[in-house]
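Okay, structure first, notes after.
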Amino acid sequence: MPYASEAAPLVSVVGVTKRFGEMAAVDGVSLEIARGEFFALLGPSGCGKTTLLRMLAGFEVPDAGRILIDGIDMTDVPPYARPVNMMFQSYALFPHMSVRENVAFGLRQERVAKPAIRERVAAVLDLVQMGGLGDRRPHQLSGGQRQRVALARALVKQPKLLLLDEPLAALDRKLREQTQFELVRIQEQVGITFVVVTHDQAEAMTMASRIAVMDRGRLLQIGPPSEVYEAPNSRFVADFIGSVNFLPGTVRATTDRGLLIASTDAGLLRVAGAGATPDGAEVTVALRPEKIAMSRTPASRHDNQCTGVVREIGYLGGFSLFRVALQSGAVLRVSLPNAERSAATQFARDEQVFLSWTSGAGLVLVE
Amino acid sequence: MSAVRVVLVLGYVFLYAPIVSLIVFSFNASRLVTVWAGFSTRWYGELWDNDAIRGAAAISIEVAASAATAALVLGTAAGFALARYRRFRGRLLFLAMVTAPLVMPEVITGLSLLLLFVALESWIGWPQGRGIATIILAHATFGTAFVAIIVQSRLAAFDRALEEAALDLGARPWKVFLVITLPLIAPALITGWLLAFTLSLDDLVIASFNAGPASTTLPMVIFSSVRLGVSPQINALATIFVVAVSILVVTASSLTLRRPQR
Amino acid sequence: MNAPDPMGRRVAIGLPYLWLVVFVLVPFLIVLTISFAESALGIPPYIAPLGFAKGWIPQLRGTLGSYGLILGDSLYLKAYLNSLRFAAVAMLLCLLLGYPMAYAIARAPERWRNPLLMLVILPFWTSFLIRVYAWIGILKTNGLINNLLLWTGIVHEPLPLLNNEFSVELGLVYSYLPFMILPLYATLERMDLSLLEAAADLGATPFRAFLAVTLPLSLPGIAAGAALVFIPAVGEFVIPDLLGGPDTLMIGKVLWDEFFTNRDWPVASAVAVAMLVLLVAPIVLAQHALRKGAESS
């Protein structure tokens, strides 16, 4: 008898593979999701995140591996018998039913008593601030309102696990930002475990407590947003989440202040915090644009410094993005906040500049 | 653009002039269909008293309603098979058999079904002779193809997530079909039934091949009467036809248009 | 979807499959068989080419006689060629009249499109036989047109408008015009109008833009419409029978007469097989190839 303790994970995905024809959409993925988590599956389109979600919902059956929910093997259980509900990307609101009937649909399948249905539907509509619109049909609602109804319909059965397939993709930008925080508020309020699929890294980082990054069917990295951003374990993860410069090089020595790496692009680099790496190993240093300082005169204190020429400037309001050509010909992306309104501090095109960064700024990737 | 609109108007004149002339001369007092001799409804009276036409009309409606209903069931199943099951053994043959009645000249369809019924009679002793039942079977086959195509194209535009959502919320597959899929494709089913009904009501060729002595349908009566010459009673019948069909089609389409599509 | 529903699947495929095998495939095979039968007096009026002598031993008694008759008698060949010609001309006329109509509807203000389209479809829902019949009253010697022409003094003798090639062609175009307009409308309405704006922006006159953009993009609609008109027109029976004369023999009418008048079932079957093999099959295959090509590009 499998006993579900509080410490045990709510969801265990064990070695799951799903093929469509020749292609493996999901390839040997294992992960665990804890109770109460807001978990994000992140990756480019076609990476397998949606297929994995659909296997959690029961719409696809894995070719290999098991899926356990609350300690019970759910691999072959049909969707209608799972303690899981899903909010669809298209919302999938039944067009021939009112908002109230849509939300009540799941409870009616469970044969919940009529007064209880009425009560629970009203409560969940209040939760998503749709209390007054219960008699409307889906086509009479705005995009944001439909999204709320879809969420209410998935929440009302109080599933152990709520799946959200690109929940914000159909909303416009302003509404999306607002809704991100609202989803987090609702998740905290109801305490249900959320698994959200998204291709938008900013969205995943705002909402999720942990992120799983996928590419071509494989799981690359799992961790809290800060870890995935600051300590990516591969070029793909570093590049997919945020912007990054890659500097290839060879390890020359290991010192107490970090590795000394000879880079063909930017001279000798000093990178702290890396594990033991043998001399002569080929590595890549990943360096985020916002971690590079740029000045007209040489920096007084620095671990790494090189000179370059500003080639292009992109003004983005809150910050500016510069493309700086080094002497080697390599181009580094540098982003600087626009702290002052005046343009006096701005750099000009073709200006000679000094770039510097600390030994803790870069990250050594061994692949 | 304006030249194109002129052609459009002329096209409508071309399409409707014969129908309008039929209606106008159905109220003509003279037996001569094309010489106006004053307003009269006498042909409607004579039509009402024409037992051959009334009997044939009753048979035609019985045949059309039964055939359309059978075609609705079979065609809906076939439309589902084509839209939802992308691969199964013999799918190509299935597709060919669904499309065959759509593209085959009616004389061939009619002849082939008649030969089938003759062969069946000699093999299993059924059907004994030909009559209403054989026409219904023939028309049901014909109508199935049309219903299948309509249902298939409606399902192709159907958001599968709606069915998945219902499954996800705890409804079993059959329940999903009944409370989600069926109501949402209902306009296509109504259109399909109406189309099968009209095609059956309108068919001369296939019915002629498969009819027996006691199963003369309305088109067969019209045909033999028209072959003998123009008759004002047929004009009156045509007018009733046009008015009934117009009302039916306009109501049905305005109903389906008013319904939200998604 | 993988959610298993084997029961529904079995019903959805099995039920119509069985029906279609019995009422489409088997009948066609019987037609094929009987086209090789010998005609005879009796009921049914042929000797089955596949028999069982003494109940057990299968026996082949096929004959190519019916096909020989079709090839030998120039009447059949003439009827085939006539059918082809009539259908081809009808197809062309339907295209010439239907294209501008479909174009005008597709470019009309959006709220007008459905009613306009409805007006095209409506005649199709009313009895085909009666619509053909209407033309008799209009075209005959003392019909509407001749009366009008005589009354206005444009002609002094009634024109021969009925029971000739003209009236058959007119009947075909009239009956099958909606089949041309509908697929054309569907492709024209779907067309991305910004393509025309792009062409205009690049300096094309509206006419050039039509030739270079609209026309090629509506080819699938033209092909679909052409097949929808051509195939049934080839096998048409009612129109040549009611509107045609002795010189307007079409193959559908020949088959009908072989069956009902001559009671020669094997020859009627052979005519049907020849019609399928020579006329229908090539078009269906060409259509299929065209659609495949359109999908891959």
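Lettering follows sequence order; numbering is per chain, from 1. Only heavy atoms go into these numbers, but all of them, side chains included; no hydrogens, no water, no symmetry mates.
Looking at A:Phe94, the atoms closer than 4.5 Å to chain B (heavy atoms on both sides) sit in the backbone and in the side chain alike. Residue B:Val176: no heavy atom, backbone or side chain, is found under 4.5 Å from chain A. Looking at A:Met87, there are no atoms closer than 4.5 Å to chain B (heavy atoms on both sides), in backbone or side chain. Neither the backbone nor the side chain of A:Arg108 comes within less than 4.5 Å of any heavy atom in chain B.
Although no hydrogens or angles enter the test, the distance criterion places no donor-acceptor pair under 3.5 Å between the side chain of A:Arg35 and the main chain of A:Asp70. Panel note: side chain A:Thr75, backbone A:Ile67; a donor-acceptor pair is recorded below 3.5 Å.
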| task | Go through the steps for A:Thr193 and A:Glu37 under the test side-chain hydrogen bond (donor to acceptor under 3.5 Å, both in side chains), then give the verdict. | result | CA-CA 5 Å; A:Thr193 310; A:Glu37 255 195 293; over 6 Å; no
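When the shell of 6.0 Å around CZ of B:Arg172 is examined, it contains 12 or fewer heavy atoms from other residues, nucleotides or ligands. Within a 6.0 Å radius of CG in B:Leu92, no more than 12 heavy atoms belonging to other residues, nucleotides or ligands are found.
Listed options A:Met97, A:Arg153, A:Glu110, A:Arg82 were ranked by heavy-atom pairs under 4.5 angstrom with chain B; first place goes to A:Arg153.
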